[in-house]
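As C-alpha cells, the structure follows; a few thoughts come after it.
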Amino acid sequence: VSASDRNSFLSRLAEIVGARNVVVNAADMEPFLVDWRKRYRGKALAIVQPATTQEVASVVRACHAAEVSVVPQGGNTGMCGGAIPNDAIPSIVLSLSRMKRIRDVDPLNDTITVDAGCLLAQIQQVAAGVDRLFPMSLGSEGSCQIGGNVATNAGGTAVLRYGTMRDLVLGIEAVLPSGEIWNGLTRLRKDNTGYDLRHLLVGSEGTLGVITGVVLKLFPRPKSSLTSLIAVPSIEAALALLTKLRADCGERITMFEVMSLNEFDLVLAGQPDLPRPLGGDSPWYVFLELTDPLATANLNEALETSLAAAFEDGIVTDAVTATSLTQAENIWRIRHGVTEANMRAGISVSHDTAVPVSSVPDFVNRVDDEISRRFPDVSVYYVGHLGDGNIHVVAIFPRDDYADPDHFAATLAEVNAVVDEIATSLGGSISAEHGIGQSNRRRLAAFKEPLALDFMRSLKAMLDPTNIMNPGKVI
Ligand SMILES: Cc1cc2nc3c(=O)[nH]c(=O)nc-3n(C[C@H](O)[C@H](O)[C@H](O)COP(=O)(O)OP(=O)(O)OC[C@H]3O[C@@H](n4cnc5c(N)ncnc54)[C@H](O)[C@@H]3O)c2cc1C
C-alpha cells in the first residue's frame, strides 16, 4: 500500500468511526497484535473500533474498496491465533470492544439480545439480574466477548448440561464480506425456513463475516448447587462414575471434569495458599458440580447415596463435598489453575481433542504409552471435560532441552501427529472447542475429510470471493 493510498484509506476510516477510534500508534496497537499466549505477532494498518453495526458495514466496504483485509477481534483470548493478522496481507484489526449494548432482555421468552462486543461475564450478570442463567462459563469470561464465543463455538465447563455456544444461539446479526448487513436476529425456537446461515457463522472464526449482534437462550437459575472433588483409581473408573451419576442424577450434573494426578500436583505446587482438599494421592480426580432449579432439592443426599454404591464397586476411593462457598471456590481454583501451572512448568502444548465419551480411556492409555515410549523427555498431563469426550492432552517440553526452535518444532509436529492419529482412529476430532485459527490449519488439512474441506472452501469462495475476511485462517 503506497503512503498516499494508506493515508486516504485511514482518513476514510476516521470519517466512519471517528479519528480517535482508528488507532495507528505502534504502542497503542501492540496489545491487539499479539495473542494472549504470545505465540503470534502480526502487523496491521490500524486497529478500528466501530460503535454500531452500520459503522462495521461501512468499514468492511471501505476495506473492500481498498483491498485491505479485515481481521475481526473480540477479547483476544483465543487459543489459535485467529484474531491476529497475517503479516503477508495488508490488514486492519476490527475490534468490537466498543459494541457493548444489551439490546433486549425478555424473561418471558427466555432470551437476551446483545451487541457482539459484550463481555461474557457482563451477559451472565444481566441474566442473573432477571433471575435467569446464561450458562456459558470459561476461564476467560471476564475478557472474552460473546461475538468471539460465537465465532469460535466456545465450549467451557457447562457443555455437558447446556451444550456448546452453537446450542445457545438463537439468532445472529452479521456484516458479510460484501459489506451487507444480514439481520438474522430471530428470537424463535422453531424456524424451518430453509438453510440456516446462523450455523455457518457459529465457529467460522471471522472468515465468513463480522458478527455484530446475537440472540441467546436463557435458562432457569439454579437455586441449589453442590461441588465435590472425587478420587478415582483410573480413567476407566472415572467413566464408570460418570455413567452411574448420569443414571442417578440425570440433568443435575452440570460439570464433570477430570484431571490426572501429575496435573493436580502441578497446579497445587504453584499455589501454596490453596489447601489440598483430599489427603493422599489418587491417579485421577473428578471435579463434579450438581445443580437444581429447586431450592429444596437435596443434592447432598442424592450424591451420598450414589457415591456409597460407587465406593462399594471400587470406582471411587475418596471424596469431599464442599460445605461452604469458599471450599467450593478452592476446588474450582484447582481446575482453573491449569493453564498457568502448565506455562510455568516448561514449554506447554495443550491438545484439544474430542473422542466419543466411551473411547476416552482407550485414547488416554494409547497416548500415554506411545508418547512415553517415543518421547521419554516430554511429560504428559491430562485435564478435560470427560462428559463431552474432550480431553486436553498437555505435553510439556523441558525448556533447556528444547531451546532450539527447530528441534522443538520438529518434535512437536511428531507429538501432534501421535495424538491426532490416535484420536482420528477412534473417530475423534483434532479440535473440540478451541478452533483452527492459524495454529491448526495444517492439521485440519491432514485430518479433515477432503470432501468436507472442498465444501468449506466453496462456501468461503461464495461468501467472500475476494478473500478479505480474516485470510489465512481455518482453511
Ligand atoms: C484462561 C482461558 C481459559 C479458556 N477456556 C476456554 C474453554 O474452557 N473453552 C473454550 O472453548 N475456550 C476457552 N478459552 C479460549 C477463548 O477464551 C475462547 O475461544 C473465546 O471464545 C474467544 O473469545 P474472544 O472474544 O477472546 O475472541 P478472539 O480471541 O478475539 O477471537 C477468536 C476468533 O474469533 C474471531 N472473532 C472474534 N470476534 C468476532 C466477531 N464479532 N465476529 C466474527 N469473528 C470474530 C476472531 O477473528 C478469531 O478468529 C480460554 C481462554 C483463556 C485465556
Side-chain angles (χ1 to χ4, degrees), residues 31-38 40 42 47 50 53 56 60 69-86 91-100 114-123 136-159 164-166 168 172-177 182 200-214 255 257 335-343 350 352 354 383-385 388 390 392 431-441 469-474:
F32 298 88
L33 296 176
V34 185
D35 71 310
W36 78 274
R37 291 208 277 195
K38 312 222 175 329
Y40 297 94
I47 313 299
T53 302
V56 173
V60 170
S69 69
V70 178
V71 180
Q73 189 175 98
N76 195 15
T77 68
M79 297 284 194
C80 308
I84 303 299
N86 263 335
S91 311
I92 61 150
V93 169
L94 192 150
S95 163
L96 281 288
S97 52
R98 288 177 65 224
M99 292 184 59
K100 287 201 167 11
V114 299
D115 277 357
C118 287
L119 297 182
L120 174 54
Q122 178 191 357
I123 296 169
M136 169 85 17
S137 173
L138 310 178
S140 54
E141 60 201 22
S143 39
C144 64
Q145 298 177 4
I146 198 69
N149 300 149
V150 175
T152 57
N153 186 23
T157 45
V159 173
T164 62
M165 200 64 219
R166 187 181 296 286
L168 303 175
I172 290 181
E173 173 194 81
V175 172
L176 301 180
W182 174 61
L200 278 183
L201 287 164
V202 176
S204 61
E205 299 184 54
T207 61
L208 298 181
V210 185
I211 296 161
T212 49
V214 190
M255 302 189 194
E257 308 273 301
R335 171 65 186 90
H336 292 136
V338 162
T339 310
E340 280 173 16
N342 294 342
M343 281 162 81
S350 177
D352 177 33
V383 60
H385 321 289
D388 315 330
N390 176 196
H392 301 297
S431 177
E433 58 177 13
H434 294 161
I436 300 301
Q438 322 190 24
S439 48
N440 293 325
R441 277 179 75 201
M469 200 57 76
N470 212 1
K473 312 293 166 55
V474 185

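In listed order, ligands and their atoms are each counted from 1.
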Identify, for atom 12 (N) of ligand 1, the protein heavy atom at the shortest distance, and state residue, atom and that distance. His434 CD2, 3.8 Å

Using modelled atom types only, decide if a donor and an acceptor are shared between the side chain of Trp36 and the backbone of Thr77 within a distance under 3.5 Å. yes

Element-labelled atoms of ligand 1 that are located less than 4.0 Å from some non-hydrogen atom of Cys144: 23 (O), 24 (P), 25 (O), 26 (O)

Can you list the steps and then say if Met469 with Leu176 is a side chain to side chain contact (heavy atoms under 4.5 Å, CB included)? CA-CA 9 Å; Met469 200 57 76; Leu176 301 180; over 6 Å; no

Got the closest protein heavy atom to atom 5 (N) of ligand 1, with its distance? Gly139 N, 4.0 Å

Identify, for atom 11 (O) of ligand 1, the protein heavy atom at the shortest distance, and state residue, atom and that distance. Gly155 N, 3.0 Å

Check whether any side-chain N or O of Glu205 sits under 3.5 Å from a backbone N or O of Val474 as a donor-acceptor pair, and report yes or no. no

Check: Glu173 main-chain N/O paired with Thr212 side-chain donor or acceptor under 3.5 Å: yes

Answer side chain, backbone, both or neither: which part of Leu138 comes under 4.0 Å from ligand 1, heavy atoms only. side chain

Regarding atom 49 (O) of ligand 1: of the candidates Lys473, Glu205, Glu433, which has the closest heavy atom? Glu205

Compare Gly142, Gly209, Gly148, Gly337 and give the one whose heavy atom is closest to atom 38 (N) of ligand 1. Gly148

Ring geometry between His392 and His385 (parallel below 30°, tilted from 30 to 60°, perpendicular above 60°): perpendicular

Between the main-chain N or O of Cys80 and the side-chain N or O of Asn440, is there a donor-acceptor pair closer than 3.5 Å? no

Between ligand 1 and Gly74, is the shortest N or O to N or O distance under 3.5 Å? yes

Which of the numbered atoms in ligand 1 are below 4.0 angstrom from a heavy atom of Trp36? 52 (C), 53 (C)

Could you measure the distance from the CG atom of Asn86 to the OH atom of Tyr40? Nearest 0.5 Å is fine. 10.5 Å

Start with the C-alpha gap between Asp115 and Leu96, add the side-chain angles, then the distance that decides, and say whether side chain to side chain contact (heavy atoms under 4.5 Å, CB included) holds. CA-CA 9 Å; Asp115 277 357; Leu96 281 288; over 6 Å; no

Glu433 meets the salt bridge (charged side-chain N to carboxylate O under 4.0 Å, His left out) criterion, sequence neighbours left out, with none

Glu141 (side chain) donor-acceptor with Leu138 (main chain) under 3.5 angstrom: yes

Trace of the side chain to side chain contact (heavy atoms under 4.5 Å, CB included) decision for Met79 with Asp352: CA-CA 10 Å; Met79 297 284 194; Asp352 177 33; over 6 Å; no

Residue-level breakdown please: for Met165 versus ligand 1, do any non-hydrogen atoms fall below 4.0 Å on the side chain, on the backbone, on both, or on neither? neither

With a 4.0 Å cut-off on heavy atoms, is Gly156 in contact with ligand 1? yes

What is the closest protein heavy atom to atom 35 (C) of ligand 1, and at what distance does it sit? Ala151 CB, 3.7 Å

Val71 N/O to ligand 1 N/O under 3.5 Å: no

Nearest neighbour of atom 16 (C) of ligand 1 from the list Thr157, Leu119, Thr77, Asn153, on a heavy-atom basis: Thr77

Less than 4.5 Å apart, any side-chain heavy atom of Ile436 and any of Arg441? yes

What atoms in ligand 1 come closer than 4.0 Å to a heavy atom of Ala154? 11 (O), 21 (O)

Give the intermediate values and the outcome of side chain to side chain contact (heavy atoms under 4.5 Å, CB included) for residues Gln145 and Lys100. CA-CA 9 Å; Gln145 298 177 4; Lys100 287 201 167 11; 4.2 Å; yes

Backbone of Ile84 reached by a side-chain donor or acceptor of Lys473 within 3.5 Å: yes

I need the nearest protein heavy-atom contact for atom 20 (C) of ligand 1: residue, atom name and distance, please. Asn149 ND2, 3.5 Å

Asp35 side chain to Ala83 backbone, donor-acceptor under 3.5 Å: no

Pull out every atom of ligand 1 sitting under 4.0 Å from any heavy atom of Gly82, numbered as shown with elements. 47 (O), 48 (C), 49 (O)

Please list the nearest protein heavy atom to atom 46 (C) of ligand 1 with its residue and the distance rounded to 0.1 Å. Pro72 O, 3.1 Å

Side chain, backbone, both or neither: which part of Thr339 comes within less than 4.0 Å of ligand 1 when only heavy atoms are counted? neither

Quick one: nearest non-hydrogen protein atom to atom 14 (N) of ligand 1, plus distance? Met79 CE, 3.9 Å

Protein contact of atom 31 (O) of ligand 1 - nearest heavy atom, named by residue and atom, plus distance: Ala83 CB, 3.6 Å

Just jot down the ligand 1 atoms closer than 4.0 angstrom to any heavy atom of Asn470, in number order. 47 (O), 49 (O)

Per-residue contact class, Leu96 against ligand 1 - non-hydrogen pairs under 4.0 Å: side chain

Specify side chain, backbone, both or neither for Thr152, according to which of its non-hydrogen atoms lie closer than 4.0 Å to ligand 1. side chain

Do Ile211 and ligand 1 have an N or O pair less than 3.5 Å apart? yes

For Asn76, is at least one N or O under 3.5 Å away from an N or O on ligand 1? yes

Residue selection (non-hydrogen contact nearest atom 17 (O) of ligand 1) among Ala116, Ser140, Gly78, Ser97: Ser140

Is a side-chain N or O of Asn149 found less than 3.5 angstrom from the main chain of Cys144, in a donor-acceptor match? no

